[in-house]
There are 2 protein chains.
Amino acid sequence: MGISERKEREKLDKKQLIRSAAMKMFLEDGYAKTSIRKIADAIEYSPGTIYLYYKDKDELLYDVQHDAFNQLLEAFKTKAKHKDPVKRLMQIGQTYVSFGLQNPELYDLMFIIRAPTNVDEELHKDNGEPTFDYLVDCLKECIDKDLLRMNDVQLCALQTWSVAHGLVSLDLRCRLKVMSADIDKSKVLNSAIESYVKLLIK
Amino acid sequence: MGISERKEREKLDKKQLIRSAAMKMFLEDGYAKTSIRKIADAIEYSPGTIYLYYKDKDELLYDVQHDAFNQLLEAFKTKAKHKDPVKRLMQIGQTYVSFGLQNPELYDLMFIIRAPTNVDEELHKDNGEPTFDYLVDCLKECIDKDLLRMNDVQLCALQTWSVAHGLVSLDLRCRLKVMSADIDKSKVLNSAIESYVKLLIK
DNA sequence: TTATTTTCTGAACACCATTCAGTATGTTTG
DNA sequence: CAAACATACTGAATGGTGTTCAGAAAATAA
């Protein structure tokens, strides 16, 4: 019978309704300031209903993160598709930094926020894995073609990701104030990631 | 008269009493889980009293951050004092990463946590400046002696700091799960920072 | 139509940061 | 010494938070 299938669909729809309302409010006001009550208000349900679809606020965050990682992956796919793997690597770096600067709240959700109940190890580790692999694949090609001054893919990926993430997250937490002021942030961050890639290539 | 001076002293003492109790609890339970009530309980005062010394919870955080930055600076001074600036740079990187891994909650306080009311631009920007300068000075010496493959001190400092911060903060947020498992974290992070410094030098 | 299952509600619970009228303590003045 | 004043402190109250759960409502099955 099709009823249970429709119900299944409706359940997913409602879950998405909650998720997209949550995402919107997370981006507008931040995760901390977005309460379950406010989300419930926005979608015109009672607070309790949200707990029928999500175990707790963290669980909701994880799902929103998943969407966010897909957004970043899409950005890579459209903006970092140069044939030359080294140039593609450069594009990946620039895309990453731009993404972070243009979507600060989203970036926060993905990488910086600590969900209160964050000790569960096994779950959610797949969040962001395909996105990370986009970088790994690119580096693998670079290294295979002997274009880099490093030869350990995993190590190189970690290092590259760290530069990019470091730049974005330091900026997002206003930790770049220690640097000389009156400079265009996005220019500096782009210079930094560019010169890093240049260090990396032979 | 010495009375007002004693009072001044007592005021500072109490402020430090609050601050050190707060720091201890922040490190044990994290910033979010440490409530003003609990701090007040620990020092056997009422919650209201804390607001006589600190405008709000953020203000307390900033003061604790200040102490924390001094701790990192001390670590630099004792563990990164090689005469050769390049070797010192390596020591700085390693010290930074070790510091982050060994004091995760402290690191969180310093760099990752977003204080709820965090829009005030001007204040607190001096927090951490001397510590950053320790890196800048080292890089300046490296560049003066023409030992690096970069020549913009500010840019280079930003990049180096980003690598180190990126490594630590990604690890602290369990974002390294996307990498192949069963590896010694601190080894990998140290390899990453070491190979970065090697990229940097001529 | 009635019984059963599913979905939803909203009050209640135990917390939180913060405020402020009132109390207690210490200091200065008459 | 006592009264006046200034300072330090209290703790209940305000308005928020995430989460739970008995009971109401709606949808489905019999």
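Each chain gets a letter, A, B and so on, in the order its sequence line appears, and its residues count up from 1.
The distance between atom CG of B/Asp29 and atom P of C/dC16, rounded to the nearest whole Å, is 11 Å. Rounded to a whole Å, the CG atom of A/Asp58 is 17 Å from the P atom of D/dT17. To the nearest angstrom, C1' of C/dT7 lies 11 Å from CD of A/Glu10. Rounded to an integer number of Å, the gap from B/Asp56 CG to C/dT19 P is 8 Å. Rounded to whole angstrom, the span from the NZ atom of A/Lys11 across to the C1' atom of C/dC8 amounts to 12 Å. Whole-Å rounding puts the A/Lys15 NZ to C/dT7 C1' distance at 16 Å. For the pair A/Tyr51 OH and D/dT17 P, the computed distance is 11 Å after rounding to whole Å. Summarising the geometry, the separation between CD1 on A/Ile18 and P on C/dT7 is reported as 12 Å, rounded to the nearest angstrom.
Under 4.0 Å is where a charged nitrogen must lie from a carboxylate oxygen, and between A/Asp108 and A/Arg173 at least one such pair does. Between B/Lys145 and B/Glu141 a salt bridge is recorded (basic side-chain N to carboxylate O distance below 4.0 Å).
Residue A/Tyr53 is in sugar-phosphate contact alone, with no base atom involved, counting any heavy-atom pair closer than 4.0 Å across all strands shown.
Phosphate proximity of D/dC9 to B/Lys14: present, with a side-chain N or O under 4.0 Å from OP1 or OP2. Taking side-chain N and O atoms only, B/Lys57 has no distance below 4.0 Å to OP1 or OP2 of C/dC16. Using a 4.0 Å cut-off, some side-chain N or O of A/Lys38 falls inside it from OP1 or OP2 of D/dT17.
No donor-acceptor distance shorter than 3.5 angstrom exists from the side chain of A/Arg88 to the backbone of A/Cys138, with no hydrogens or angles considered.
Because its NZ or CZ atom is both nearer than 6.0 Å to the ring centre of A/Tyr31 and within 45° of the ring axis, A/Lys57 counts as a cation-pi partner of that residue.
Taken residue by residue, residues 39-50 of chain B places heavy atoms nearer than 4.0 Å to DNA chain D at B/Tyr45, B/Ser46, B/Gly48, B/Thr49.
Which of C/dT18, D/dT10, C/dT9 sits closest to the side chain of A/Leu52 comes down to C/dT9. Which of D/dC9, D/dT19, C/dA17 sits closest to the side chain of A/Ile36 comes down to D/dT19.
Ring to ring, A/Tyr96 and A/Tyr134 are not that close: their centroids are 6.0 angstrom or more apart.
B/Tyr54 and B/Lys15 form no side-chain donor-acceptor contact under 3.5 Å, judged by distance and modelled atom types alone.
For A/Arg37 against D/dG18, a side-chain-to-base donor-acceptor contact under 3.5 Å is present.
Ring orientation note: the planes of B/His165 and A/His165 are close to parallel, at an angle under 30° on the 30°/60° scale.
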